[in-house]
Amino acid sequence: MKTSTMTEPTRKKAKLIYQIMSTLRVLDADMNMNQVVCLCWIALNEGRTQVELRQELGMASSTSSRSLAALSKMHRLGKPGLDLIEWVENPDDRRAKLLFLTTRGRHLMGELVDAIR
């Protein structure tokens with residue numbers, strides 16, 4: 001029988017990653033990595049725009065739009081989204097939308113942070 005070659009500290013870190021991914025999977029079993037990365041980016045950069053998100057993450061416009069729609073209140077296909085983020089009109093530029101976590105999004109990020117403590 002083959003035994004794990006991971007060190008104990010590496011196993012502990014892998015377990016934390018697993019706990020985070022499991023929490024996200026319970027929320028939405030179909031959540032993809034682009035959505036997870038967008039959610040984390042918004043948590044770290046509230047008040048910035050979709051253009052900034054795309055530029056920093058090197059993400060295509062269509063990919064970011066799909067991901068953000070799934071994370072928002074209403075999915076792009078007219079079905080309910082996850083309600084983790086919201087777009088707010090920028091008072092300085094009505095064409096630009098600012099990205100923020102919703103109350104539900106802040107709660108989820110708190111759960112994820114608690115999972116790694």
Side-chain angles (χ1 to χ4, degrees):
M1 182 162 116
K2 189 170 183 168
T3 59
S4 176
T5 57
M6 262 196 245
T7 64
E8 192 54 33
T10 301
R11 284 184 60 75
K12 285 182 180 182
K13 289 177 183 177
K15 184 176 180 181
L16 294 174
I17 294 168
Y18 176 77
Q19 289 172 317
I20 290 169
M21 300 310 286
S22 294
T23 300
L24 292 170
R25 190 165 187 255
V26 167
L27 178 69
D28 180 0
D30 295 324
M31 183 180 272
N32 65 48
M33 289 306 295
N34 285 325
Q35 293 167 4
V36 173
V37 169
C38 286
L39 177 64
C40 291
W41 186 90
I42 293 166
L44 295 168
N45 297 282
E46 284 192 280
R48 293 181 62 197
T49 68
Q50 180 180 356
V51 171
E52 291 172 303
L53 176 142
R54 282 195 336 255
Q55 290 171 342
E56 286 192 23
L57 298 179
M59 191 175 281
S61 179
S62 58
T63 302
S64 68
S65 292
R66 273 193 306 274
S67 296
L68 295 173
L71 294 169
S72 69
K73 188 171 239 168
M74 188 57 65
H75 194 278
R76 68 186 177 93
L77 301 175
K79 65 181 183 176
L82 295 171
D83 193 24
L84 299 173
I85 66 147
E86 62 183 336
W87 280 303
V88 176
E89 189 174 289
N90 185 343
D92 298 328
D93 180 358
R94 291 179 35 171
R95 296 168 298 163
K97 302 289 189 217
L98 306 177
L99 300 165
F100 293 91
L101 293 177
T102 61
T103 300
R104 187 171 188 221
R106 279 189 281 288
H107 178 74
L108 174 63
M109 291 308 294
E111 285 182 41
L112 297 176
V113 168
D114 287 346
I116 60 173
R117 288 187 183 165

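Just so it is clear, the values below take in all heavy atoms, side chains as well, and ignore hydrogens, waters and symmetry mates.
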Asker: What side-chain donor-acceptor pairs closer than 3.5 Å can you find for residues 32-39, not counting sequence neighbours?
Answerer:
from : atom 1 : to  : atom 2 : distance (Å)
N32  : OD1    : N34 : N      : 2.9
N32  : OD1    : Q35 : N      : 2.9
Q35  : OE1    : N32 : N      : 3.3

Asker: Are L53 and I42 close enough, and set up right, to give a side chain to side chain contact (heavy atoms under 4.5 Å, CB included), and what steps lead you there?
Answerer: CA-CA 8 Å; L53 176 142; I42 293 166; 4.1 Å; yes
Asker: Could you tell me whether a side-chain N or O of S65 sits under 3.5 Å from a main-chain N or O of S62, the two making a donor and an acceptor?
Answerer: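 Absent.
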Asker: Quick one: side chain to side chain donor-acceptor pair (under 3.5 Å) partners of T63, sequence neighbours excluded?
Answerer: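 With sequence neighbours excluded, T63 shows a side chain to side chain donor-acceptor pair (under 3.5 Å) to no residue whatsoever.
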Asker: Sequence neighbours left out, what passes side-chain contact (heavy atoms from CB on, under 4.5 Å) with R54? Give chain and number order.
Answerer: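 So R54 forms a side-chain contact (heavy atoms from CB on, under 4.5 Å) with Q50, V51, S61, S64.
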Asker: Name each donor-acceptor pair under 3.5 Å that joins a side chain in residues 15-29 to protein atoms two or more places apart or in another chain, with its distance.
Answerer:
from : atom 1 : to  : atom 2 : distance (Å)
S22  : OG     : Y18 : O      : 2.9
T23  : OG1    : Q19 : O      : 2.9
D28  : OD1    : D30 : N      : 2.9

Asker: Which residues pass the side-chain contact (heavy atoms from CB on, under 4.5 Å) test with M74, sequence neighbours left out?
Answerer: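 Partners of M74 under the side-chain contact (heavy atoms from CB on, under 4.5 Å) test: none.
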Asker: List for me each residue that meets side-chain contact (heavy atoms from CB on, under 4.5 Å) alongside T5, sequence neighbours excluded, and say none if there are none.
Answerer: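 Partners of T5 by the side-chain contact (heavy atoms from CB on, under 4.5 Å) criterion come out as none, since no residue qualifies.
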Asker: Going by atom type alone, with no hydrogens or angles, which donor-acceptor pairs under 3.5 Å involve a side-chain atom of residues 97-110 and a protein atom two or more places apart or on another chain?
Answerer:
from : atom 1 : to   : atom 2 : distance (Å)
T102 : OG1    : D83  : O      : 2.6
T102 : OG1    : L84  : O      : 3.3
T102 : OG1    : R104 : N      : 3.4
T102 : OG1    : G105 : N      : 3.1
R104 : NH1    : L82  : O      : 2.4
R106 : NH1    : L101 : O      : 2.7
H107 : NE2    : E111 : OE2    : 2.9

Asker: Output all residues satisfying side chain to side chain donor-acceptor pair (under 3.5 Å) with R95, sequence neighbours left out; order by chain, then residue number.
Answerer: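 Once residues adjacent in sequence are excluded, the partners of R95 under the side chain to side chain donor-acceptor pair (under 3.5 Å) criterion are D93.
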Asker: Could you pull out all donor-acceptor pairs under 3.5 Å where a side-chain atom in residues 85-92 meets a protein atom, sequence neighbours excluded?
Answerer:
from : atom 1 : to  : atom 2 : distance (Å)
N90  : OD1    : D92 : N      : 2.9

Asker: For the residue pair E52 and T49, what are the closest heavy atoms and their distance?
Answerer: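 For E52 versus T49, the nearest heavy atoms are OE1-N, 2.7 Å.
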